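Report on one structure; see the data block that follows.
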Amino acid sequence: MNKDNKKAVQQNIFDIPDSIIPTDKRLFYPDWSNKPPKQDNVIKTQNKRVLTTGNILAICSKPGIGKSGICEAQIAYLLNPKCDSLGFQVVLRSPRDKVLYIDTERTIQDTWNAWERTYKRAGKKAPEIDKRIIFSNFKAVNVADRKKHVETILKNNPDIGLIIFDGAGDFIRDTNSIPESSEFIDWINSFNPLISLVCTIHTNPTDEKPRGHIGSEICRRAESVFLVRKLEDGIREITTNFVHGKVRNDDDAISTFYKYSDTDGMFITTDYTPAKALTKEKAEKYSDMARDIFDGRTECSASFIIQKIAEKEGIKEVASKGIFYRHFKDKIVKSEGNAWRIA
């Protein structure tokens with residue numbers, strides 16, 4: 001056959017070593033010569049696949065609940081699979097066995113403490129350094145330049161297989177901007193398909209919906225979506241049990257519990273049994289109580305509500321806090337400051 005008539009063979013996109021796929025090689029046409037490699041399980045929890053190769057895991061919560069602590073625990077598992085990783089197991093295989101963690105919210109001091117805490121969680125001490133772990137702080141970097149810095153790191157580290165965006169919304173100026181959100185999605189879609197992503201996202205102040213258009217788009221495309229929320233007595237829950245929760249490639253009934261330990265100086269896994277569902281009569285009782293407490297009032301503070309519950313139930317305020325956190329949170333919504341109003 002004349003070589004001029006030979007059909008050009010497309011390079012298998014999975015054989016391209018670049019972490020950012022060149023523009024002219026991003027189109028993919030399946031044929032017998034370019035079968036993708038089997039998707040590996042990158043992150044599992046409760047023996048369920050929540051992140052596989054090339055996909056996105058979204059972790060949503062309000063500020064200050066502990067998303068960053070979860071990211072640290074996931075990284076610590078790479079350093080020591082026997083550590084308390086808050087229920088997550090993370091596996092990265094050669095040639096992409098390195099993780100890049102990007103902090104866009106906390107101070108440099110906080111990021112250093114997080115790095116040290118990750119090693120401590122894994123049982124590692126100075127001067128030990130694991131080159132598979134890259135911690136970075138982008139807080140002082142202009143939003144317009146953050147992508148460039150990521151691309152430089154990826155170019156210099158072609159063995160990165162997992163990127164943790166701890167504050168994905170900080171890569172755009174307006175979280176409700178459709179064009180900016182689309183540009184961010186287009187950008188992460190240009191990454192090598194062997195790179196997996198974890199993205200933390202804030203929820204709206206008054207509900208559990210991922211914040212802005214960027215939150216909606218990341219969760220829509222994510223393989224799994226988790227919510228992190230506070231329960232009672234400092235207990236936190238990592239769960240898929242909310243309206244936007246999902247696990248695309250496994251069972252999506254997942255809940256893990258953790259709390260902060262003053263002794264350890266970090267979040268640790270804890271045994272916790274959620275309260276049983278209320279009977280219809282009790283649910284109606286607490287609904288009536290909430291309406292009675294708010295009668296003639298637009299808003300009430302948490303301390304006022306807890307005090308009134310104690311008075312009506314004839315119990316101490318310590319006990320009424322449990323009722324507030326377990327049975328009132330679906331009947332009231334938080335407004336500004338520490339004020340609450342009827343849902």
Side-chain angles (χ1 to χ4, degrees), residues 12-17 19 21 28 30 34-60 67-102 118 121-122 130-134 154 157-166 168 188-189 191-201 218-228 237-242 244-258 267 269:
N12 190 337
I13 194 171
F14 296 95
D15 293 332
I16 298 174
S19 288
I21 298 297
F28 180 72
N34 62 9
K35 181 180 179 180
K38 182 181 178 182
Q39 284 185 309
D40 288 326
N41 297 321
V42 177
I43 299 181
K44 297 177 73 175
T45 186
Q46 297 182 352
N47 204 34
K48 297 168 184 174
R49 298 171 297 168
V50 297
L51 181 64
T52 55
T53 308
N55 271 308
I56 301 172
L57 166 61
I59 301 174
C60 312
K67 298 185 299 298
S68 298
I70 294 170
C71 298
E72 295 167 22
Q74 292 172 341
I75 297 171
Y77 186 91
L78 286 173
L79 298 173
N80 178 10
K82 294 182 179 179
C83 75
D84 179 0
S85 56
L86 304 184
F88 290 95
Q89 299 85 47
V90 183
V91 177
L92 295 176
R93 294 179 172 82
S94 181
R96 290 191 174 272
D97 58 357
K98 189 177 286 187
V99 58
L100 169 62
Y101 170 80
I102 304 169
T118 300
R121 182 183 289 276
D130 193 312
K131 293 184 179 180
R132 293 176 300 163
I133 312 301
I134 303 175
L154 290 176
N157 297 273
D159 43 0
I160 288 175
L162 176 65
I163 304 174
I164 300 178
F165 288 102
D166 193 5
I188 62 175
N189 282 342
F191 294 174
N192 190 295
L194 297 178
I195 294 176
S196 308
L197 307 176
V198 172
C199 296
T200 69
I201 306 165
I218 289 175
C219 289
R220 181 172 71 86
R221 297 165 187 268
E223 177 177 17
S224 302
V225 179
F226 283 80
L227 176 72
V228 185
E237 180 183 20
I238 310 167
T239 185
T240 53
N241 185 25
F242 77 120
H244 304 286
K246 67 176 178 180
V247 177
R248 185 179 293 153
N249 291 312
D250 214 319
D251 179 13
D252 66 355
I254 297 173
S255 281
T256 301
F257 303 96
Y258 67 104
F267 289 110
T269 303

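Side chains included, hydrogens not; waters and symmetry mates left out as well; all remaining heavy atoms used. Values in this document were obtained by computation on a predicted structure and should not be read as measured data.
In this structure, Ser224 and Val50 approach most closely via the heavy-atom pair OG-O, 2.7 Å. Residues Ala76 and Ala122 share a closest heavy-atom pair of O-CB, 3.7 Å. Closest of all the heavy-atom pairs between Ala168 and Cys199 is CB-CB, 4.0 Å. The minimum heavy-atom distance linking Leu86 with Gly69 is given by the pair CD1-O, 4.1 Å. Counting all heavy atoms, side chain and backbone alike, Ala222 lies closest to Val225 at CB-CG2, 4.0 Å. Counting all heavy atoms, side chain and backbone alike, Pro17 lies closest to Pro158 at O-CB, 4.3 Å.
In this structure, Asp40 contributes its side chain and Val42 its backbone to no donor-acceptor pair below 3.5 Å. Not one N or O on the side chain of Arg121 forms a donor-acceptor pair closer than 3.5 Å with the backbone of Glu72. Using a distance-only test at 3.5 Å, with no hydrogens or angles considered, a donor-acceptor pair links the side chain of Thr240 to the main chain of Ile254. Looking at Arg132, its side chain never comes within 3.5 Å of a backbone N or O of Val99 through a donor-acceptor pair. With Lys48 contributing its side chain and Ala253 its backbone, the two residues share a donor-acceptor pair below 3.5 Å. Proximity of a side-chain donor or acceptor of Thr53 to a complementary backbone N or O of Leu194 within less than 3.5 Å is not detected.
For residues 83-94, every residue pair satisfying the side-chain hydrogen bond (donor to acceptor under 3.5 Å, both in side chains) rule, not counting sequence neighbours, is listed here: Asp84-Thr269.
A side-chain donor from one of Ser19 and Arg96 sits under 3.5 Å from a side-chain acceptor of the other. Remark: the Ser255 side chain and the Asn241 side chain contain no N/O donor-acceptor pair separated by less than 3.5 Å. Looking only at atom types and distance, the side chain of Asn41 has no donor-acceptor partner in the side chain of Thr52 under 3.5 Å away.
Within the 4.5 Å cutoff, side-chain heavy atoms of Ile163 are placed close to those of Ile195. Counting only heavy atoms from C-beta outward, the side chains of Leu51 and Glu223 approach each other to under 4.5 Å. The side-chain heavy atoms of Ile218 and Ile56, taken from C-beta on, include a pair separated by under 4.5 Å. Here the side chains of Asn47 and Lys44 are in contact, with some heavy-atom distance below 4.5 Å. Side-chain atoms of Leu100 and Ile164, non-hydrogen and from C-beta on, never get closer than 4.5 Å to each other. The shortest distance between side-chain heavy atoms of Ile21 and Pro193 falls below 4.5 Å. Using a 4.5 Å heavy-atom threshold, the side chains of Phe165 and Thr200 count as separate. Contact of the Ile134 side chain with the Tyr101 side chain is not registered, since no non-hydrogen atoms from C-beta on lie closer than 4.5 Å.
With values rounded to the nearest 0.5 angstrom, Thr118 atom OG1 is found 12.5 Å from Asn80 atom CG. Going from atom CZ of Phe242 over to atom CG of Leu227 covers 4.5 Å, rounded to the nearest 0.5 Å. With rounding to the nearest 0.5 angstrom, the OG1 atom of Thr239 is 9.5 Å from the CG atom of Asp252. Atom CZ of Phe226 and atom CD of Glu237 lie 11.0 Å apart (nearest 0.5 Å).
Residues forming a ring-ring contact (aromatic ring centres under 6.0 Å, His included) with Tyr77 (at least two apart in sequence, or on another chain): none. Asp159 is linked by a side chain to side chain contact (heavy atoms under 4.5 Å, CB included) to Asp97, Lys98, Asn157, counting only residues two or more places apart in sequence or in another chain.
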Test side-chain contact (heavy atoms from CB on, under 4.5 Å) applied to Phe88 and Thr256, step by step: CA-CA 10 Å; Phe88 290 95; Thr256 301; over 6 Å; no
Test side-chain contact (heavy atoms from CB on, under 4.5 Å) applied to Asn55 and Arg248, step by step: CA-CA 10 Å; Asn55 271 308; Arg248 185 179 293 153; 4.2 Å; yes
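Screening Ile133, Val198, Leu162, Ile70 for a side-chain contact (heavy atoms from CB on, under 4.5 Å) with Ile75, the sole residue that qualifies is Ile133.
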